[in-house]
Amino acid sequence: MLSREENEKLTLIGPGTPAGALLRRYWQPVAASSELTEEKPITRIRILGEDLVLYRDTAGGYGLVAEQCPHRKASLAYGRVDDEGIRCPYHGWKFNAAGRCLETPAEAPGATLKDAIRHTAYPVEKLGGVLFAYMGPEPAPALPRWDVLAWEHGHRYIRIFEPLNCNWLQCMENSVDPSHLYWLHGDLAHLKPMMDGYEEKHDFIKDDYGIMKRRTTPPSEPGGAPQVDQHPLLFPNTLRHVSRDRESGRHRHNLQFRMPIDDTHTQVLVCNFEPDPEVHTPSDADVPVEYFEFRTGENRDEYRMDMVAFQDFMAWETQGPIMDRSEEQLGLADKGVVELRRLLSEQIDIAAEGGAPLNVVPADQGKPIIELEVINERIGLKRPETRPAA
Ligand code: FES
Ligand SMILES: [Fe+2]
């Protein structure tokens, strides 16, 4: 149980909030790169409570700027791009990806007004078909090259889900809550509900990247071996998971990013990678993207429950727009949730004091690839899968 103040500290992410300051220290995914095309090079993005416009210029560079033009506030989402940046649709002011104003066409020749203008702009980088933005203080840290983004021998594709009407932390608490598997997903996973006295062991091991969640399931028959699965929560808002793709039969490694749109909405974007020695997907390539809707019924106020992800979405949304943690009743089986909150609170304090929070690495010290120790014996993955970079 948390006090109201503690709950606000951990959940609210707008500009100027403690958790908002922490999350702004990390590169956040804002789109799939294949969503921006020559025909549609501009898209509107809302993230961490800020309204922004993401664009691809005609030279192939990316920019992310505040939506409202600093001149007289028209939306840059209706602007046009050229090889230098984006131009406002109203009076034609032009901005580059660093937020500099390059032209103010209606001013007299030689006017210096543009030199005084600095438009809000955030750096963008592409990796694994995902566009990441950095919205924190300079200098930007290294963009982590997680295995799923950097592996090249296999199939990579992105799934983007309808935005959730709930706070981001509900999604992340779910990632350190192994006991829900048997109830929420029991039918789709063909597992019996876990009853009182069921002796499954759950460990939450803090490591360099966040919390490794390890499940040890007792042998199903006498004399059998226990089964292990372990999946890391990559601090602060990503889950690294592996399952098996039903159609291809391949292991589907994925990064599940839960990006706060604002305090009460979250965007889930999943980058998947299925290893296949026959296929080469460069880490800087655009990849296919699929969209999923999970609301159904006449008023779209019911949940589809035919996908594991949708079942989770039902649980997260029905906890409330921002779950009131002053009214919960935790049990001993919720220790992962308690550990995550403790870690989050501690890292918010580190960020507030100007320190480097977990997973924030200076740009020149970033690793070429970060291989994660993901295991899922249930699907036959007994030791971490590694793939050469090329
Ligand atoms: S409002 Fe953008 S140029 Fe005038
Ligand atoms: Fe789940």
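When a ligand or atom number is given, it counts from 1 through the structure's own listing order.
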(request) Enter the distance from Leu52:CG to Ile47:CD1 here, rounded to the nearest 0.5 Å. (result)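 The CD1 atom of Ile47 is 7.5 Å from CG of Leu52, to the nearest 0.5 Å.
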(message) Distance check, rounded to the nearest 0.5 Å: Gln347 atom CD versus Leu10 atom CG?
(response)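 CG of Leu10 is found 12.0 Å from CD of Gln347.
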So do the side chains of [X] and [Y] get within less than 4.5 Å of each other, counting heavy atoms only?
X      : Y      : result
Ser283 : Arg145 : yes
His155 : Asn272 : no
Val242 : His231 : yes

(request) Specify whether an N/O/S atom of Asp177 falls short of 2.8 Å from the Fe ion (ligand 2). (result)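 Looking at Asp177, which is the residue asked about, there is no N, O or S atom under 2.8 Å from the Fe ion (ligand 2).
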(request) Return the minimal non-hydrogen interatomic distance between Val374 and Leu381, and the atom names on each side. (result)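 Heavy atoms only, the tightest pair is O-CD2, 3.8 Å.
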(message) Please determine whether ring-ring contact (aromatic ring centres under 6.0 Å, His included) holds for the pair Phe132 and Phe257, giving the CA-CA distance in whole Å, both sets of side-chain angles, and the decisive distance to 0.1 Å.
(response) CA-CA 11 Å; Phe132 292 89; Phe257 298 103; 5.7 Å; yes
(request) Check which protein N, O or S atoms are less than 2.8 Å from atom 4 (Fe) of ligand 1 and report how many there are. (result)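 For atom 4 (Fe) of ligand 1, protein nitrogen, oxygen or sulfur atoms under 2.8 Å: 2.
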(request) Please find the N/O/S atom of Asp312 nearest to the Fe ion (ligand 2) and write down its name. (result)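 Going through the N, O and S atoms of Asp312 one by one, OD1 ends up nearest to the Fe ion (ligand 2).
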